A.B. asks: 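This is the structure, below, for whatever I ask next.
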Number of protein chains: 2
Amino acid sequence: MKLSQGVEWGLHCAMLLAQVPPGGLMRRDALAGHFGLPEAYLSKHLQAMTRAGVLYANSGPKGGYRLARTPESITTLDVVEAIEGTAAPFICQEIRQRGTGASSPEECRRTCMVSTVMSQADEACRASLRSVTIAELVARLPDSVRTRNAERLPQLAH
Amino acid sequence: MKLSQGVEWGLHCAMLLAQVPPGGLMRRDALAGHFGLPEAYLSKHLQAMTRAGVLYANSGPKGGYRLARTPESITTLDVVEAIEGTAAPFICQEIRQRGTGASSPEECRRTCMVSTVMSQADEACRASLRSVTIAELVARLPDSVRTRNAERLPQLAH
DNA sequence: GTACCGGTACTCGGATATAGTATGTCCGAGTATGCGTGG
DNA sequence: CCACGCATACTCGGACATACTATATCCGAGTACCGGTAC
């Protein structure tokens, strides 16, 4: 059940990219250096976010990453699903239909209660993540951090 | 992020044990046979639930498992935590304090927003699981299943 | 002087090793039973 | 006949292999730039 640490990296990177001036691209090594992360491994997560349509990437000189949409339209759930995958964490194996105490297909027309409860918990978790956007995360950063980024990022981006 | 399949096994076993007549113990092989599960591996999860105080186990002849408490006082969260562990799925590594863009300890007096959001989602998930008890899961089983269990279980338990 | 072309340097993307955890299995510790024995 | 002690069979508990996924890294595909060259 442990959550990948890549989620933390992805969210912080998304927050940082949200603070880059419009039109600016930020290179992979700049992102990695800003947070002290291994660039080679970070690339995997950035790649996943790009595939999921959260980031937009450009190759070649003057290339780099930027958000694919506005920070207001990107939720934390988008980032988590981009990295962890959209598959449900719980997959019912219908063990109620197996073994000596197996239920008949008739009795299984309704979804297994265990599966239902787990799905509800999953949905509650997703709803919580969906309710917060990247823009809101950035807005709640300390003022000093935002101002420092506003000063440093134009130099790192291009 | 994938959830262990042992959770499904544990919940179904807890539901079944809740239907055993009071005072009756159910052996491990009976549980495994009822659901068609590998007995050797199931023992690991039953062991975890016993350690967590969800189940009570008795060794020797006439031994077996029973619920440690009433089905009304055992929540699905209890079972999930017993098997998956109580550790939070997300652990903040404070990458905001690392790298060239590191924030000062002053700016980090407040908890990292990323960590906060993830904790809220985790708490939402737990609250959802906590709101459903084993007794309620059993109550929502099809009548035919409950009656069949009421007939079969006294033979399997002792 | 200008437009075209080729080479070059730089960026991201996917294929490739390694480590840690979930999965699956086995044998040993502990216990109530049942029998044999002695009083 | 009764009580005690011992051997036994049966149960769960934890130590031991294996498979899969997350972690970590590297090199190749693609692109924009820059300089040289021909007109």
Side-chain angles (χ1 to χ4, degrees), chain A residues 1-10 13 17 24-33 35-66 68 80 82-85 87 89-91 93 95 156-158, chain B residues 1-10 13 17 23-33 35-68 80 82-85 87 89-91 93 95 156-158:
Chain A
M1 176 153 174
K2 189 167 68 72
L3 202 60
S4 167
Q5 67 172 6
V7 170
E8 181 178 7
W9 299 7
C13 286
L17 288 174
L25 295 180
M26 196 161 175
R27 288 200 314 271
R28 183 197 290 167
D29 59 349
L31 277 167
F35 293 115
L37 301 176
E39 177 188 348
Y41 185 27
L42 178 63
S43 80
K44 191 154 202 171
H45 298 307
L46 295 175
Q47 187 184 152
M49 286 196 278
T50 303
R51 262 198 301 257
V54 174
L55 299 187
Y56 173 81
N58 213 348
S59 291
K62 303 290 180 183
Y65 295 94
R66 65 169 169 82
V80 171
I83 292 172
E84 292 286 327
F90 181 86
I91 42 171
Q93 299 191 289
I95 67 173
L156 295 174
H158 53 226
Chain B
M1 174 152 174
K2 189 167 68 72
L3 203 61
S4 166
Q5 68 170 5
V7 170
E8 180 178 7
W9 300 6
C13 286
L17 287 174
L25 295 180
M26 196 162 175
R27 289 199 314 269
R28 181 196 293 167
D29 59 349
L31 277 167
F35 293 114
L37 302 176
E39 178 188 348
Y41 186 26
L42 178 63
S43 81
K44 194 156 200 169
H45 299 307
L46 295 175
Q47 188 184 151
M49 287 196 278
T50 303
R51 262 199 300 258
V54 173
L55 299 186
Y56 173 81
N58 213 348
S59 291
K62 303 289 180 183
Y65 294 94
R66 65 170 169 80
L67 294 182
V80 171
I83 292 173
E84 291 287 325
F90 181 86
I91 43 172
Q93 297 191 288
I95 67 174
L156 295 173
H158 54 225

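Only a predicted model underlies this, so the values are computations on that prediction, with no experimental measurement involved. Throughout, protein chains are lettered first and strands after them, A, B, ... in sequence-line order, and every chain is numbered starting at 1.
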A.B. asks: Between D:dA24, D:dG13, C:dG24, which nucleotide gets closest to the side-chain atoms of B:Tyr41?
C.D. replies: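 Closest nucleotide to the B:Tyr41 side chain: C:dG24.
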A.B. asks: Check every atom of C:dT23, D:dG13, D:dC26 against the side chain of B:Ser4 and return the nucleotide holding the closest atom.
C.D. replies: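 Selected nucleotide (nearest to the side chain): C:dT23.
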A.B. asks: For A:Asp29, answer base if it contacts any base atom (sugar-phosphate contacts may also be present), sugar-phosphate if it contacts only those atoms, and nothing otherwise; contact means non-hydrogen atoms under 4.0 Å.
C.D. replies: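 Contact class for A:Asp29: none.
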A.B. asks: Less than 4.0 angstrom between a side-chain N/O of B:Tyr56 and OP1 or OP2 of D:dC12, yes or no?
C.D. replies: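 Negative; the distance criterion is not met.
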A.B. asks: Does A:Arg51 contact C:dG13 through a side-chain donor or acceptor facing the base, at a distance under 3.5 Å?
C.D. replies: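 By the distance-only test, no, there is no pair.
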A.B. asks: Think B:Gln5 has a side-chain N or O under 4.0 angstrom from the OP1 or OP2 of C:dG24?
C.D. replies: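 It does, given that an N or O in the side chain of B:Gln5 lies less than 4.0 Å from OP1 or OP2 of C:dG24.
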A.B. asks: Taking the side chain from B:Glu84 and the backbone from B:Ser4, do they hold a donor-acceptor pair closer than 3.5 Å?
C.D. replies: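 Here the side-chain-to-backbone pair exists.
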A.B. asks: Grab the CZ-C1' distance between B:Arg28 and C:dC27 for me, whole Å please.
C.D. replies: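 Distance, rounded to whole Å: 12 Å.
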A.B. asks: Is there a side-chain contact between B:Cys13 and B:Leu42 in this structure, where contact means two heavy atoms from C-beta onward sitting under 4.5 Å apart?
C.D. replies: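 The answer is yes, as the side chains (C-beta and beyond) meet within the 4.5 Å cut-off.
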A.B. asks: Of the nucleotides C:dC26, D:dA24, C:dC12, which one has an atom closest to the side chain of A:Tyr65?
C.D. replies: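 Taking heavy atoms from C-beta onward, the closest nucleotide is C:dC12.
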A.B. asks: For the pair made of CD1 in A:Ile83 and C1' in D:dT23, what is the distance, rounded to whole Å?
C.D. replies: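 Going from A:Ile83 (CD1) to D:dT23 (C1'), I get 14 Å.
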A.B. asks: Just to verify, what does A:Gln47 make a side-chain hydrogen bond (donor to acceptor under 3.5 Å, both in side chains) with, not counting sequence neighbours?
C.D. replies: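 Residues passing side-chain hydrogen bond (donor to acceptor under 3.5 Å, both in side chains) with A:Gln47: A:Arg51.
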A.B. asks: At under 4.0 Å, does any side-chain N or O of A:Gln47 touch on OP1 or OP2 of C:dT11?
C.D. replies: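 For C:dT11, OP1/OP2 do not have a side-chain N/O of A:Gln47 under 4.0 Å.
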A.B. asks: Under the salt bridge (Lys or Arg N to Asp or Glu O under 4.0 Å) rule, collect the residues that match up with A:Arg28, sequence neighbours excluded.
C.D. replies: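 Partners of A:Arg28 by the salt bridge (Lys or Arg N to Asp or Glu O under 4.0 Å) criterion come out as none, since no residue qualifies.
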A.B. asks: To the nearest Å, how far apart are A:Leu42 CG and D:dA24 C1'?
C.D. replies: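 One finds 12 Å between C1' of D:dA24 and CG of A:Leu42, rounded.
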A.B. asks: Scan B:Gly64 against the nucleic acid and name what it touches under 4.0 Å (heavy atoms): base, sugar-phosphate only, or nothing.
C.D. replies: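 Counting heavy atoms under 4.0 Å across all strands, the contact made by B:Gly64 is with sugar-phosphate only.
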A.B. asks: Once you build an axis from the first five pairs and another from the last five of the helix from C:dG1-D:dC39 to C:dG39-D:dC1, how far apart in angle are they, to 10 degrees?
C.D. replies: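 Nearest ten degrees gives 0° for this helix.
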A.B. asks: Distance check needed: D:dC33 C1' versus A:Asn58 CG, whole Å only.
C.D. replies: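 Rounding to the nearest Å, CG of A:Asn58 and C1' of D:dC33 are 13 Å apart.
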A.B. asks: Of the non-hydrogen atoms in A:Gln93 and B:Gln5, which two are nearest, and what is the gap between them?
C.D. replies: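 That would be OE1-OE1, 2.6 Å.
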A.B. asks: With heavy atoms under 4.0 Å as the rule, sort A:Ala40 into base, sugar-phosphate or nothing.
C.D. replies: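 Answer is base: heavy atoms of A:Ala40 come under 4.0 Å of a base.
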A.B. asks: Measure the spacing between OH of B:Tyr65 and OG1 of B:Thr50 and express it to the nearest 0.5 Å.
C.D. replies: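 If we round to the nearest 0.5 Å, B:Tyr65:OH and B:Thr50:OG1 are 5.0 Å apart.
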A.B. asks: Once you apply a heavy-atom cut-off of 4.0 Å, does B:Pro61 come out as touching a base, just sugar-phosphate, or nothing?
C.D. replies: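 Base, at least one base atom sits under 4.0 Å.
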A.B. asks: Can you find an N or O donor on one side and an acceptor on the other, under 3.5 Å apart, linking the side chain of B:Lys44 with the base of C:dG24?
C.D. replies: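 Indeed there is one.
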A.B. asks: Hey, which sits more toward the 5' end of DNA chain C by its nearest nucleotide, B:Gly60 or B:Glu84?
C.D. replies: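 That would be B:Glu84.
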